[in-house]
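Here's the structure we're looking at; comments come further down.
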Amino acid sequence: MRTPLIAGNWKMNGSTELVEAFGRAFSSAALPSSLDTAIFPPYPYLEAARRAFDGTPLQLGAQTLNPHPSGAHTGEVSGSMLCEFGVRYVLVGHSERRQLYRESDEQVHDRLLAALGVDITPLLCVGETLAERDAGHTMQVVLRQVGFVMERLAPEQRERVIIAYEPVWAIGTGRTATPGQAQEVMAGIREYLAGFDRDLAARLRLLYGGSMNAGNAAELLAQPDIDGGLVGGASLKVDDFLAICQSAG
């Protein structure tokens, strides 16, 4: 059985007050016995989150990292720095990074390697735009993004990756892929991974992102190839995020 993971990506949102509210809520929350949970706050809140989440099920994630270990990279943060704050997960290749900051497949790959190099679990984000979906290119785009990274990893490295499928057209728009649409893509990713190793395909966790919320989480998470969610806007509301986590039981 794959342990579900519910991860909250706060993007450039949040506050110390919100961090502390999550810490209080999850210190006594009733959650499924087999569930991983994580919050990905902006960098300035990592230390506050580490303190607030201590003694709760919430683990700490970061939203990106620089592939270099150190150096003259003003405004950037390395994997070793994230480790000092107890960061367990990091996003690589989020569509906003690919589109707004022009991160290429090569740069995504380099960031993923940097995460693995410091024992942080990378969440590889992949997904298609609305134009690509309407043109019938969803699987071509998604498997290109997955394949560029996975083909360049050693077998033992592939085992340590989590893949998050986020249709770009459903991020922050209120539109959500139907459970059937999401499952179809997830199944395609798992089938592709089986080309490397069938055991890898059976074990590797696949998350769905793209306007997952308290109202649709249970139906999405019931799909056989969806092992959790990468949650955006709903992860900024304590009650909504808690309800999504409880839906994963």
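Source: prediction; values computed, not measured. When a residue number appears, it is its place in the shown sequence, counting from 1. Hydrogens, waters and symmetry mates play no part in the numbers below; they use all other heavy atoms, side chains included.
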First locate atom [atom1] of [X], then atom [atom2] of [Y], and finally report the distance between them rounded to the nearest 0.5 Å.
X	Y	atom1	atom2	answer
Met212	Ser235	CE	OG	12.0 Å
Ile163	Leu230	CD1	CG	13.0 Å
Glu47	Thr16	CD	OG1	11.0 Å
Leu206	Leu124	CG	CG	10.5 Å
Trp169	Glu132	CH2	CD	12.5 Å
Asp197	Arg158	CG	CZ	8.5 Å

Give the intermediate values and the outcome of salt bridge (Lys or Arg N to Asp or Glu O under 4.0 Å) for residues Arg133 and Glu128. CA-CA 6 Å; Arg133 170 166 281 275; Glu128 83 285 13; 2.8 Å; yes
Minimal non-hydrogen separation, [X] against [Y], with atom names:
X	Y	value
Phe241	Ala7	CE1-C, 4.0 Å
Ala62	Phe40	O-CD2, 3.1 Å
Leu60	Gly86	CB-O, 4.1 Å
Ala248	Pro4	O-CG, 4.0 Å
Ile226	Ala182	CD1-CB, 3.9 Å
Thr37	Cys245	CG2-SG, 3.7 Å

Would you say [X] has more than 12 foreign heavy atoms packed within less than 6.0 Å of its [atom1]?
X	atom1	answer
Arg203	CZ	yes
Glu219	CD	no
Glu191	CD	no
Arg88	CZ	no
Glu184	CD	no

Are [X] and [Y] packed together at the side-chain level, in the sense that at least one heavy-atom pair is separated by less than 4.5 angstrom?
X	Y	value
Ile6	Leu221	yes
Tyr165	Met186	yes
Leu65	Ser78	no
Thr129	Gln99	yes
Leu113	Pro67	no
Thr121	Val90	no
Val231	Lys237	no
Met81	Asn66	no

Using modelled atom types and a 3.5 Å cut-off, is there a donor and acceptor pairing between side-chain atoms of [X] and backbone atoms of [Y]?
X	Y	answer
Trp10	Pro42	no
Gln223	Leu220	no
Arg97	Val92	no
Tyr192	Ala194	no
Arg2	Gly228	no
Gln59	Tyr89	no
Gln157	Ala154	yes
Asn216	Asn213	yes
Arg102	Arg98	no
Gln63	Lys11	yes

List the steps and the verdict of side-chain contact (heavy atoms from CB on, under 4.5 Å) for Leu5 and Asp227. CA-CA 7 Å; Leu5 168 64; Asp227 306 316; over 6 Å; no
Going by distance alone, is a donor N or O of one side chain under 3.5 Å from an acceptor N or O of the other, for His94 and Glu166? yes
For Glu17 and Ser15, test the side chains for any donor-to-acceptor distance below 3.5 angstrom and give the result as yes or no. no
When you look at Arg205 and Asp36, which way does the salt bridge (Lys or Arg N to Asp or Glu O under 4.0 Å) test go after all the steps? CA-CA 11 Å; Arg205 289 189 284 185; Asp36 291 333; 2.9 Å; yes
Ion pair present between Glu103 and Arg111, side-chain N to carboxylate O less than 4.0 angstrom? yes
Are [Y] and [X] connected in a single hydrophobic cluster, I mean Ile/Leu/Val/Met/Phe/Trp/Tyr linked by side-chain heavy atoms less than 4.5 Å apart?
X	Y	value
Leu82	Leu123	no
Leu91	Phe85	no
Phe148	Ile189	no
Leu18	Tyr45	yes
Tyr208	Leu143	yes

For a salt bridge (Lys or Arg N to Asp or Glu O under 4.0 Å) check, start with the C-alpha distance between Asp119 and Arg160, then their side-chain angles and the critical distance, and finish with the verdict. CA-CA 9 Å; Asp119 291 326; Arg160 299 163 59 194; 3.1 Å; yes
Which label fits Phe22 and Phe26: parallel for a plane angle under 30°, tilted from 30 to 60°, or perpendicular past 60°? parallel
Decide yes or no on side-chain contact (heavy atoms from CB on, under 4.5 Å) for Leu242 and Asp240, but give the supporting numbers first. CA-CA 5 Å; Leu242 182 56; Asp240 285 9; over 6 Å; no
Starting from the C-alpha separation in whole Å, work towards a yes-or-no answer on side-chain contact (heavy atoms from CB on, under 4.5 Å) for Val77 and Thr64. CA-CA 8 Å; Val77 174; Thr64 187; over 6 Å; no
Full working for side-chain contact (heavy atoms from CB on, under 4.5 Å) between Arg144 and Gln140: CA-CA 6 Å; Arg144 174 186 60 77; Gln140 176 184 342; 5.7 Å; no
